[in-house]
Colleague: 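This is the structure, below, for whatever I ask next.
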Amino acid sequence: MPRFLAVYTMKAENVARFRELPKVEQDAIDNAGLPAWAAWEEKNAAALIDRGGMVGKTTRITRDGIAPATNDFCGYVIVEAETAEAAARLFEDHPHFNIFPGDGVDIMPFVTEPPA
């Protein structure tokens, strides 16, 4: 079955707004979002090949060297689905952007086979 990389995205300004909220409001979002995320994972467990995780600050290496970089990536998961649309439908109403301040989820097909 085809595999897809799903990248959670979050704009820096949304992270900043979230962190500016009073702690009690941040905790309320976490208290609603974390169980909803766990329920999403349980509901879609058969499609989750790698549960991935959240990621931190980016470091980029180029021919010019190593330097800090920025992007909207904040996490990933690998899923199996018949099509890219089917993979995308797994994330409809996901807590990443319905509860947490996430921006979206980008779905990309793997074009090479995983090692045996």
Side-chain angles (χ1 to χ4, degrees):
M1 181 166 315
R3 293 177 180 213
F4 298 86
L5 175 64
V7 176
Y8 298 107
T9 61
M10 187 179 301
K11 295 186 182 315
E13 58 269 21
N14 292 342
V15 174
R17 261 195 301 275
F18 178 75
R19 291 192 176 142
E20 290 172 359
L21 293 172
K23 176 141 176 47
V24 68
E25 289 182 42
Q26 290 181 42
D27 289 346
I29 291 168
D30 286 343
N31 290 337
L34 293 174
W37 199 303
W40 177 87
E41 286 184 344
E42 184 176 328
K43 174 183 169 188
N44 295 290
L48 298 178
I49 301 308
D50 178 341
R51 289 181 52 209
M54 304 315 284
V55 298
K57 294 183 179 185
T58 302
T59 301
R60 182 169 293 140
I61 178 73
T62 68
R63 68 180 72 172
D64 297 324
I66 300 171
T70 59
N71 59 50
D72 290 342
F73 299 168
C74 64
Y76 80 97
V77 64
I78 298 173
V79 299
E80 277 187 338
E82 291 292 333
T83 64
E85 183 176 338
R89 291 199 182 284
L90 295 171
F91 295 88
E92 289 179 323
D93 299 321
H94 194 284
H96 172 65
F97 49 79
N98 278 335
I99 298 173
F100 292 109
D103 179 56
V105 180
D106 292 346
I107 306 295
M108 296 161 271
F110 283 98
V111 294
T112 57
E113 295 293 322

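When a residue number appears, it is its place in the shown sequence, counting from 1. Computed from a predicted model, the values in this text were never measured in an experiment.
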Colleague: If you group Ile, Leu, Val, Met, Phe, Trp and Tyr whenever their side-chain heavy atoms sit less than 4.5 Å apart, what else falls in with F4?
Modeller: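 Besides F4, the cluster holds Y8, F18, L21, I29, L34, W37, W40, L48, M54, V77, V79, L90, F91, F97, I99, F100, V105, I107.
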Colleague: Nearest heavy-atom pair of G33 and P95: which atoms, and what distance?
Modeller: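 Where G33 meets P95 most closely, the heavy atoms are O-CB, 4.2 Å.
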Colleague: Roughly how far apart are T9 OG1 and D103 CG, rounded to 0.5 Å?
Modeller: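 Rounded to the nearest 0.5 Å, the OG1-CG separation comes out at 4.0 Å.
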Colleague: Apply side chain to side chain contact (heavy atoms under 4.5 Å, CB included) to P68 and list each qualifying residue two or more places apart in sequence or on a separate chain.
Modeller: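 P68 satisfies side chain to side chain contact (heavy atoms under 4.5 Å, CB included) with no residue once adjacent residues are dropped.
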Colleague: Flag yes if more than 12 heavy atoms outside E42 fall under 6.0 Å of its CD atom; otherwise flag no.
Modeller: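 Counting neighbours around CD of E42, 12 or fewer heavy atoms of other residues, nucleotides or ligands fall under 6.0 Å, so no.
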Colleague: Quick one: side-chain hydrogen bond (donor to acceptor under 3.5 Å, both in side chains) partners of E85, sequence neighbours excluded?
Modeller: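 Once residues adjacent in sequence are excluded, the partners of E85 under the side-chain hydrogen bond (donor to acceptor under 3.5 Å, both in side chains) criterion are R89.
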Colleague: Excluding sequence neighbours, so at least two apart, what forms side-chain hydrogen bond (donor to acceptor under 3.5 Å, both in side chains) with E41?
Modeller: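 Only R51 meet the side-chain hydrogen bond (donor to acceptor under 3.5 Å, both in side chains) criterion with E41.
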Colleague: Compare every heavy atom of C74 with every heavy atom of H96, then report the nearest pair and how far apart it is.
Modeller: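 Taking every non-hydrogen atom into account, CE1-SG, 3.5 Å.
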Colleague: How many angstroms lie between CZ in R19 and CD in Q26, if you round to the nearest 0.5 Å?
Modeller: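 It is 8.5 Å, given to the nearest 0.5 Å.
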Colleague: Who pairs with N31 by side-chain hydrogen bond (donor to acceptor under 3.5 Å, both in side chains), at least two apart in sequence or on another chain?
Modeller: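 Not a single residue meets the side-chain hydrogen bond (donor to acceptor under 3.5 Å, both in side chains) criterion with N31.
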Colleague: Rounded to the nearest 0.5 Å, how far apart are CG of L5 and CZ of F110?
Modeller: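 Output value for this atom pair is 4.5 Å.
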Colleague: Between N98 (side chain) and D93 (backbone), is there a donor-acceptor pair under 3.5 Å?
Modeller: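 Here the side-chain-to-backbone pair exists.
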Colleague: Between M108 and I49, is there a shared hydrophobic cluster once you connect ILVMFWY residues whose side-chain heavy atoms come closer than 4.5 Å?
Modeller: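 As far as the 4.5 Å side-chain criterion goes, I49 and M108 are connected within one cluster.
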Colleague: Is the closest side-chain heavy-atom distance between P101 and M10 below 4.5 Å?
Modeller: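 Of all side-chain heavy-atom pairs linking M10 with P101, at least one is under 4.5 Å.
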Colleague: Looking at residues at least two apart in the chain, or sitting in another chain, which of them share a side chain to side chain contact (heavy atoms under 4.5 Å, CB included) with I61?
Modeller: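 Partners of I61 by the side chain to side chain contact (heavy atoms under 4.5 Å, CB included) criterion, ordered by chain and then number, come out as I66.
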Colleague: Once you round to the nearest 0.5 Å, how far does CZ of R3 lie from CG of D50?
Modeller: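 Between atom CZ of R3 and atom CG of D50 there are 9.5 Å.
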